[in-house]
Amino acid sequence: MHELAVRGAVALEHDREAERRAREFLVSVADGTSGLDLERLREVRDRAWR
């Protein structure tokens, strides 16, 4: 039972870290500092849906 509880706690911590990194990435996209070429991504998306 102890091992299961420890594994669950570790998984929860990993989930929290992944969520934190995802939030940081979204903020960087909104700030324009992510390095993504949003205009190019829009062009690719639009072309894919034609």
Side-chain angles (χ1 to χ4, degrees):
M1 189 64 142
H2 176 265
E3 179 65 25
L4 184 59
V6 170
R7 290 162 92 190
V10 169
L12 183 59
E13 188 61 33
H14 284 285
D15 288 348
R16 287 180 182 152
E17 178 62 20
E19 288 176 9
R20 184 190 64 74
R21 286 192 311 267
R23 280 191 305 274
E24 286 179 357
F25 176 71
L26 289 175
V27 168
S28 73
V29 170
D31 288 342
T33 60
S34 68
L36 290 175
D37 184 347
L38 296 179
E39 187 58 39
R40 181 71 179 133
L41 288 172
R42 285 184 194 98
E43 290 173 14
V44 169
R45 178 203 59 201
D46 292 346
R47 189 176 297 172
W49 290 109
R50 287 184 197 169

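Bear in mind the structure is a predicted one, so any value in this text is a computation, not a measurement.
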| request: If a pair satisfies side chain to side chain donor-acceptor pair (under 3.5 Å) and one of its residues is in residues 24-33, list it, with sequence neighbours excluded. | output: Arg20-Glu24

| remark: Arg23 meets the salt bridge (Lys or Arg N to Asp or Glu O under 4.0 Å) criterion, sequence neighbours left out, with none

| query | Which residues, ordered by chain and number, are linked to Leu12 in its hydrophobic cluster, where ILVMFWY side chains connect at heavy-atom gaps below 4.5 Å, directly or through other members? | reply | none

| field | Co-members of Leu41 in a cluster of I, L, V, M, F, W and Y side chains, linked at under 4.5 Å | value | Phe25, Val29, Leu36, Leu38

| note | Members sharing Trp49's hydrophobic cluster, built from side-chain contacts under 4.5 Å between Ile, Leu, Val, Met, Phe, Trp and Tyr, are none

| field | Listed partners of Asp15 passing side-chain contact (heavy atoms from CB on, under 4.5 Å), at least two apart | value | none

| Taking only residues two or more places apart in sequence, or in another chain, which ones meet Arg40 in a side-chain hydrogen bond (donor to acceptor under 3.5 Å, both in side chains)? | Glu43

| request: Evaluate the criterion salt bridge (charged side-chain N to carboxylate O under 4.0 Å, His left out) for residue pair Glu39 and Arg42; output intermediate values, then yes/no. | output: CA-CA 5 Å; Glu39 187 58 39; Arg42 285 184 194 98; 3.7 Å; yes

| query | Residues two or more places apart in sequence or in another chain: which of them pass salt bridge (Lys or Arg N to Asp or Glu O under 4.0 Å) with Arg21? | reply | Glu17

